[in-house]
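All values derive from a computational prediction rather than experimental measurement. Below, chain A is the first sequence line, B the second, and so on; all start at residue 1.
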Amino acid sequence: MGRARSPFRVPTVLLLIAVAVVLSSCGWSLWDSPMTTVKPKSDFGKGIQDLFMLISWWTLGIFIGVEGALVWACLRFREKPGQPIPKQVHGYTVLEVSWTIAFAVILLIIAIPTIQMIFKTQEPEAASALRVDVAGRQWWWEFTYPEYEFSTANELHLPVGRQVAFHLHAPDVIHSFWMPQLGGKRDVVPHRVNRLTLTPEIPGEFPGQCAEYCGTSHANMRFRVIVHSKENFQKWVAEQRKPPVEPTSELAKKGQELFAQSTCVGCHTIRGVSGGAMGPDLTHFGSRKTFGANLLASTPQSVAKWIENPAHMKPGALMPDLGIRGEQSKALAAYLLNLK
Amino acid sequence: MATQVAFMPGTRAKPKTLEVIWSWLTTVDHKRIGILYGVSAYVFFLVGGVEALLMRLQLARPDGTLLSAQTFNELFTMHGTTMIFLAIMPMGAAFFNFIIPLQIGARDVAFPRLNALSYWVFLSGALFLHSSFLAGSVPDAGWFGYANLTTRQFSPGSHVDFWMLGLQILGLSSLMAGFNFIVTIINMRAPGMTLMRMPLFTWMSFVVQFLVVLAFPAITVALILLMFDRFFGTLFFSPAAGADPLLWQHLFWIFGHPEVYILILPAMGIVSEVLPTFSRKPLFGAPVVIYSGIMIGFFGFGVWSHHMFSVGMGPVADSAFSIATLLIAVPTGVKIFNWIGTLWGGAIRFTSPLLFALGFISMFIMGGLSGVMHASPPVDLQQTDSYFIVAHFHYVLFGGSIFGLFAGVYYWWPKIFGKVLDERLGQVHFWVMFIGFNVTFFPMHFLGLIGMPRRIYTYAPDLGWNFWNFVSTVGAFIIALSFVVFMVNVAKTSRWGAPAPADPWDARTLEWTISSPPPVYNFAIIPTVHDRDEFWIAKYGDGHGAPPRKSAPAPPVDPASIHMPPPSYWPLLLAAAIVLTISGLLISMYQVILGGLLTLYCMARFMLEYHRPAPGGHH
């Protein structure tokens with residue numbers, strides 16, 4: 001029954017080595033990946049990160065102390081052959097009271113900055129903030145800029161250094177709006193408007209994703225955030241406010257006709273052409289690098305393939321297969337990609 | 001089952017197979033019901049495990065193609081539902097059934113037929129839930145079933161119906177068992193066993209029963225509202241009609257958070273039994289451990305909204321639930337300190353039950369500490385619904401509950417089946433599982449911190465998630481391997497294991513004073529209790545000068561003179577009628593009416609069964 005033999009030593013050493021390897025290896029790959037939460041690029045993200053590090057150090061200290069005491073007790077108090085029955089200790093009140101208080105004090109140290117940060121991150125937005133209305137839909141994102149009166153989809157453009165106030169709403173089910181590099185998520189709940197305010201501090205391109213399970217293609221509800229310098233942002237806004245580009249090539253012209261004649265118009269807006277509101281606004285479709293909620297690169301082939309069978313590329317996609325095939329889908333793709 | 005003969009003293013040496021099956025179907029013996037719970041729970045644990053392996057295979061590489069989106073969503077829904085309601089909870093119930101009456105010196109639970117009914121309702125609910133695989137309509141809205149995704153508009157078909165009705169049936173079973181054990185523990189303790197002399201496993205289970213009877217009604221209500229929405233067109237969760245879908249989340253987590261403690265407290269109780277036995281010392285600060293358990297149960301009802309920090313409750317509610325959550329860490333931490341205090345200064349024997357108990361403590365510390373991290377709402381906004389949370393609650397529910405429950409499996413196996421599990425294989429099982437567990441779940445902390453959301457069936461290859469996902473999948477198969485070792489151990493032990501003595505571990509509580517396995521009536525003479533460690537003190541004295549309490553040998557008792565409740569088939573029939581009624585909602589209203597009438601009939605027969613004394617029997 002292995003009473004006196006300790007099965008403990010070799011596995012413990014192996015385990016410690018494994019932990020050391022794991023901990024050191026997390027250094028290289030981890031922290032600079034595209035959706036990292038620990039290299040924040042906004043004031044909001046930085047506030048969270050500071051708090052996270054504070055709690056991490058305390059918990060690491062507790063972890064080392066408590067696990068250390070556990071391992072030490074196991075090594076030190078192994079039964080030795082012929083050992084008499086140990087002293088029957090039932091407790092030691094002073095010790096019990098003091099470790100309870102010590103632990104409570106550590107939690108208090110965590111609680112105070114936590115509550116400060118809760119209130120700080122939920123302050124009302126500044127009057128000068130750029131408002132972006134975010135609609136989370138099965139399974140794509142719509143971004144509306146009331147200040148500039150246009151909408152776009154799945155590609156969120158922001159200026160650096162100006163506070164952004166996201167007003168989040170959901171026409172269908174609950175989603176969660178998450179741009180890990182810019183800070184924490186906020187749920188997008190039907191029948192209410194949630195707010196998230198932050199100031200992007202570093203230009204760049206950051207992926208985002210829905211974080212609340214919302215049905216079949218939850219995994220495919222992705223988007224990209226592009227934080228511009230102030231000038232570039234204004235340039236982008238100016239481009240987006242222009243009316244749609246008229247097609248030049250024959251193929252694209254054919255696509256335009258096709259678009260106007262088919263049921264596309266029931267769901268999609270192209271300013272001056274159609275006013276559908278179920279699907280993404282396509283006025284400047286060609287200016288977006290990806291489509292299908294950031295699933296696919298915008299190339300003629302992939303757009304044509306999507307038109308032929310959306311649900312094949314995004315399971316459960318609500319855009320139906322309209323029976324558009326071959327030359328027709330190529331023409332539509334050419335038209336849409338022309339909408340720079 | 002090699003042990004059934006031992007349960008039936010006085011019957012023929014070789015009963016016919018049909019008689020054996022019939023005796024199990026109609027049993028009201030708490031020990032047999034415990035075994036039924038344990039075996040069912042283990043089978044469902046394997047089912048949930050296979051579901052997990054399939055998901056890990058899908059996620060081993062980016063853009064995985066093994067499973068469709070729909071199948072993956074069904075798998076994570078069933079994995080969560082199965083592990084919580086069909087594996088961990090009934091594994092706890094197996095120990096409540098088998099161990100509590102033995103620990104309190106009773107001959108059975110307070111309501112033996114109700115106990116059988118709880119089991120059969122549980123099993124029928126579990127089978128009903130899994131019949132969704134045969135119907136090709138597996139639940140796919142997550143184990144949490146957030147409204148309004150679960151309304152007919154967004155979840156057509158019967159996927160969600162199977163989940164909603166299955167959970168309702170399972171809740172019924174838990175509620176009956178909860179009341180039964182509350183009454184049992186309050187009323188059936190042996191003379192002298194005051195509440196503070198009650199063994200720790202019984203104590204923690206006692207707290208769990210209160211959590212069950214107070215928490216389950218909340219989800220029962222939520223499920224009834226959802227049922228009305230789905231079947232009768234009400235609009236409780238329909239935002240278009242002005243409903244707030246967050247109502248579901250509040251109702252669900254008022255149940256859901258106490259549920260976490262329902263899953264963990266039995267394991268804490270087991271660890272509190274195993275540590276004193278194998279360090280040959282009483283539990284350090286036992287009253288504090290008991291009161292901590294009560295506090296955890298109490299605070300457990302005041303922290304539900306920490307599952308909802310991202311829904312936009314506002315800063316005041318966020319702060320209140322954050323403080324409550326940090327508060328609940330205090331009694332939890334205190335328990336861990338007391339366990340280490342128990343080991344300190346002891347004479348520790350590293351047997352497999354102890355290894356699993358140590359596994360529990362060391363892993364639960366990690367789960368607890370990551371829990372402190374997302375008790376802070378701003379930090380939680382980055383962590384919630386990411387793999388960091390997946391890592392956290394697997395450290396609590398696998399590293400905690402499963403390790404703790406397996407400490408109990410190895411510890412009480414000799415008492416339950418009369419044979420000690422092979423020690424060497426037990427240790428191999430532990431180390432393989434311990435390593436596999438950490439390889440699987442530790443990298444998930446990293447995955448969460450680098451932004452991987454939960455419940456996604458696929459991910460892009462350029463996000464830096466590939467390596468750790470692959471590692472995690474490898475770990476999952478190491479865990480699977482450890483359960484192969486366990487099953488080899490069970491097979492080997494039941495084939496070649498030597499009969500276990502009454503007290504193989506030199507333990508401390510009453511269940512070890514009787515034979516392994518115990519006779520059907522447990523105690524020929526109900527013991528009188530003077531101390532929490534009654535049996536230890538009887539063997540060795542109290543360690544402070546009092547001599548061992550050697551009572552005079554009791555006069556032999558004729559087992560035939562001990563009256564045990566006779567078997568009954570009404571619990572099984574009543575459970576079948578209940579499921580017939582509820583499954584009728586998916587098939588035909590006529591079936592609901594027929595099932596309802598049968599249910600009433602079975603209830604009447606069940607209630608009136610002992611209106612007249614059973615032929616030739618007492619009760």
Side-chain angles (χ1 to χ4, degrees), chain A residues 1-3 6-8 11 26 29-30 33-38 48 51-52 55 59 63 66-67 69-70 73 77-79 83 85-86 88 90-91 96 99-100 103-104 107 111 114-115 117-119 121-122 173-174 180 184-187 190-191 194 209 211-213 215-219 315, chain B residues 69-70 142 146 148-149 154 239 244-245 280-282 284-285 288 310-312 315 318-319 322-323 326 329-330 333-334 336-337 340 343-350 361-362 365 369 372-373 376-379 381-382 385 423 427 431 446 449-451 453 455-458 463-464 467 540 543:
Chain A
M1 192 144 303
R3 273 174 65 126
S6 162
F8 216 75
C26 65
S29 77
L30 253 193
S33 55
M35 284 177 74
T36 182
T37 63
V38 294
I48 291 176
L51 196 54
F52 173 65
I55 300 176
T59 48
F63 174 79
V66 180
E67 299 275 12
L70 179 66
F77 298 108
R78 290 197 313 277
E79 186 185 52
Q83 185 181 355
I85 290 170
Q88 300 292 295
H90 287 271
E96 289 172 59
W99 68 36
T100 307
F103 193 48
L107 292 173
T114 287
I115 288 166
M117 188 55 67
I118 291 173
F119 280 87
T121 52
Q122 297 190 35
V173 300
I174 301 177
K185 59 188 78 67
R186 184 61 76 190
D187 289 0
H191 202 56
N194 272 337
Q209 185 156 2
E212 183 64 83
Y213 177 63
T216 314
S217 251
H218 164 59
Chain B
Q70 178 63 26
Y146 271 10
N148 55 334
L149 184 61
F154 297 106
D244 188 338
R280 300 168 73 83
K281 271 181 67 203
F284 189 86
V288 176
S310 64
V311 304
D318 283 355
S319 304
S322 172
I323 291 169
L326 289 170
V330 176
V334 163
I336 288 166
F337 299 147
I340 295 172
L343 292 165
W344 205 273
I348 305 171
R349 291 172 290 160
F350 288 95
I361 301 173
S362 54
I365 292 170
L369 290 175
V372 169
M373 292 180 182
S376 173
V379 176
L381 292 181
Q382 280 288 30
D385 278 320
E423 180 59 25
Q427 299 202 355
W431 283 111
F446 302 150
L449 291 178
I450 52 175
R455 303 176 186 128
I456 55 171
Y457 75 96
T458 186
L463 298 172
F467 176 69
Y540 299 106

With rounding to the nearest 0.5 angstrom, report the [atom1] to [atom2] distance, [X] to [Y].
{"X": "B:Asp318", "Y": "A:Thr121", "atom1": "CG", "atom2": "OG1", "value": "8.0 Å"}
{"X": "A:Ile118", "Y": "B:Ser376", "atom1": "CD1", "atom2": "OG", "value": "6.5 Å"}
{"X": "B:Leu381", "Y": "A:Lys185", "atom1": "CG", "atom2": "NZ", "value": "7.0 Å"}
{"X": "B:Leu149", "Y": "A:Ile174", "atom1": "CG", "atom2": "CD1", "value": "8.5 Å"}
{"X": "B:Ser322", "Y": "A:Ile115", "atom1": "OG", "atom2": "CD1", "value": "6.0 Å"}

Most contacts with chain B, counted as non-hydrogen pairs under 4.5 angstrom, among A:Gln88, A:Glu67, A:His191, A:Glu96: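 Of A:Gln88, A:Glu67, A:His191, A:Glu96, A:Gln88 has the most heavy-atom pairs under 4.5 Å with chain B.
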Largest heavy-atom contact set with chain B, pairs under 4.5 Å, which of A:Met117, A:Arg186, A:Gln83: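 Sorted descending by pairs with chain B, the first entry is A:Arg186.
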Identify the heavy atoms of B:Gly464 and A:Ser33 that sit nearest to each other, and give their distance.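 Minimum heavy-atom separation between B:Gly464 and A:Ser33: CA-CB, 4.3 Å.
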Could you pull out the closest heavy-atom pair between A:Ile55 and B:Val379, with the gap in Å?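 That closest heavy-atom pairing would be CD1-CG2, 4.1 Å.
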Tell me, side chain or backbone of [X] under 4.5 Å from chain A's heavy atoms, or both, or neither?
{"X": "B:Ser362", "result": "both"}
{"X": "B:Ile323", "result": "side chain"}
{"X": "B:Phe284", "result": "both"}
{"X": "B:Tyr457", "result": "both"}

Using 30° and 60° as the class limits, which term best fits the ring planes of B:Phe337 and A:Phe103: parallel, tilted or perpendicular?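 Because their plane-to-plane angle is over 60°, the rings of B:Phe337 and A:Phe103 count as perpendicular.
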Close side-chain approach of [X] and [Y], heavy atoms under 4.5 Å:
{"X": "A:Leu70", "Y": "B:Leu343", "value": "yes"}
{"X": "A:Thr36", "Y": "B:Leu449", "value": "no"}
{"X": "B:Ile450", "Y": "A:Thr37", "value": "no"}

Tell me, side chain or backbone of A:Glu212 under 4.5 Å from chain B's heavy atoms, or both, or neither?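 Both parts, backbone and side chain.
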Trace of the side-chain contact (heavy atoms from CB on, under 4.5 Å) decision for B:Gln70 with A:Thr216: CA-CA 6 Å; B:Gln70 178 63 26; A:Thr216 314; 4.1 Å; yes
Check step by step if side-chain contact (heavy atoms from CB on, under 4.5 Å) holds for B:Ile336 and A:Val66. CA-CA 8 Å; B:Ile336 288 166; A:Val66 180; 3.8 Å; yes
Check: B:Lys281 side chain, A:Pro86 main-chain N or O, donor-acceptor pair, under 3.5 Å: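 The answer is no, because no donor-acceptor pair under 3.5 Å joins these two groups.
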Could you tell me which residues satisfy ring-ring contact (aromatic ring centres under 6.0 Å, His included) with A:Tyr213, sequence neighbours excluded, listed by chain and number?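 With neighbours one apart ignored, the set is A:His218, B:Phe76.
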Step-by-step side-chain contact (heavy atoms from CB on, under 4.5 Å) determination, B:Gln382 to A:Phe52: CA-CA 10 Å; B:Gln382 280 288 30; A:Phe52 173 65; over 6 Å; no
